[in-house]
Amino acid sequence: MNDKENQLFGWSPDIDPDEIDVSTLILTIGSFTDIGHAQQHLRQSMLAELAHRELGEFRLDEILDHRDSRPPIIFDADHFEGYESPRMVLHEVTDELGQSFLLLDGPEPALRWNQMVDEIRGIIDELGVRLSVVTQSIPMPAPHTRPVQVTRWSSRPELIIGHSSPFGRIQMPASFPAVLSQRLGESRHDVVGLAAHVPHYLTDVDYPDAARALVDAIRQLTGLALPSHALAMAAGVVRAQISNQVEDSEELQAMVSALEEQYDDQSGRREIGSQQVTLPSADDIGAEAEAFLRSMDDPGDDGGTPVQGPTTTPDQPVGDSGDDDPRAEKENPQGRRSEDDGDGPDGDEDDGGPTDLYRPRHGDDSWGLS
């Protein structure tokens, strides 16, 4: 058997990889479990609301332990039905602005991890992917009545400037997404991980708010225009159902209240720690004073227009690329590089946030929803 026949990934017959123009890969590969079904909701939201096509898939019979994963099947009175073979598919998806990206979705492989890593890395190299985004969800002592937090991690600290993790150094059983992330980082591929915090008492039920938080984080990180309307509606329904159950139980009310107090206390400390105030220099103050005096002496000016001093945003977290952020022009939160952005002297990209380095690319508009 030659190397090509031994490959796990195969392109669809009508796909020419040379014609694919993307810069971002989003992964919704399963791990230990999909807490709150966050990955499921994220995948369904993108594939149901955005144009997409299949580029190829991995041969799961070679890498999946079906007995361990046990896909669902239905027994109906006197026969079995409903079994669908699991798939790991690479999609090309077009966002609401016509920007293309990749989505690799499927169950966690049980076998041949090293070969899987090599082949995914090969796809990244072949298509020129510059950023891989690994999505997941984790159970946390957090209340459903507060915004979902997302912990970020990365192959380079510059990719997540302004975001701190609540975790220290932890040893845990490895998962394939974690191993893939490490191996890609060792190969100088940029990887960012996003882990949505799901209330620990909701781990086994649908929690669309976690998927909404992942969508918002991906938007901020990549500039992709991803939909969230259906997720918002589903999240509202689920929150109402949870609230009704909590109202009927004094024990649940006490638990949620305690979690709210803890969440608010931690959020307050994070806000204080992230405050950043930029004080003007003496030269800046002098120049602004002179400008103000000149405006007062101008006879054609009705009283003069006050000159705005340097804007400070003490409540804005470090790394937030808001419209008032003095770094917004440099970091380009829309995910597009300016034409004068260049490579560093050693051939690497200039240091900066991830939106300095990546831009979604426009794909082929000749195909529609699959």
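Contact record, Phe32 with Ala174: CZ-O, 4.1 Å, taken as the closest heavy-atom pair.
Applying the side-chain hydrogen bond (donor to acceptor under 3.5 Å, both in side chains) criterion to Glu62, with sequence neighbours excluded, gives Arg112. Asp204 meets the side chain to side chain contact (heavy atoms under 4.5 Å, CB included) test with no other residue; sequence neighbours excluded. Residues forming a side chain to side chain contact (heavy atoms under 4.5 Å, CB included) with Met88 (at least two apart in sequence, or on another chain): Ile29, Phe58, Leu60, Leu104, Pro109, Met116.
If you run side-chain contact (heavy atoms from CB on, under 4.5 Å) between Ser100 and each of Val93, Asp21, Thr94, only Thr94 comes through.
Gln245 and Gln241 share no side-chain donor-acceptor pair at under 3.5 Å. For the residue pair Arg219/Ser228, the side-chain donor-acceptor check at 3.5 Å is satisfied.
By the 6.0 Å contact criterion, CD on Glu261 is open, its count of non-hydrogen atoms from other residues, nucleotides or ligands being 12 or less.
Annotation: side chain of Glu84 is not in contact with side chain of Pro71 (no heavy-atom distance under 4.5 Å). Thr222 is not listed as a side-chain neighbour of Val192, based on a closest heavy-atom distance of 4.5 Å or more. Residues Ser132 and Leu27 have side chains in contact (heavy-atom distance under 4.5 Å, counting atoms from C-beta outward). In this structure, Pro107 and Leu64 have side chains that are in contact, with non-hydrogen atoms separated by less than 4.5 Å. In this structure, Leu231 and His41 have side chains that are in contact, with non-hydrogen atoms separated by less than 4.5 Å. By the 4.5 Å heavy-atom criterion applied to side chains, His52 and Met46 are not counted as neighbours.
Panel note: side chain Tyr207, backbone Ile35; no donor-acceptor pair is recorded below 3.5 Å. Of the possible polar contacts, none joining the Gln149 side chain to the His197 backbone as a donor-acceptor pair under 3.5 Å is found.
Between Trp11 and Phe9, the ring planes are perpendicular. Angles over 60° get that label, and only those under 30° would be called parallel.
A salt bridge links Asp190 and Arg156; the closest N-O separation between the charged side-chain nitrogens and carboxylate oxygens is under 4.0 Å.
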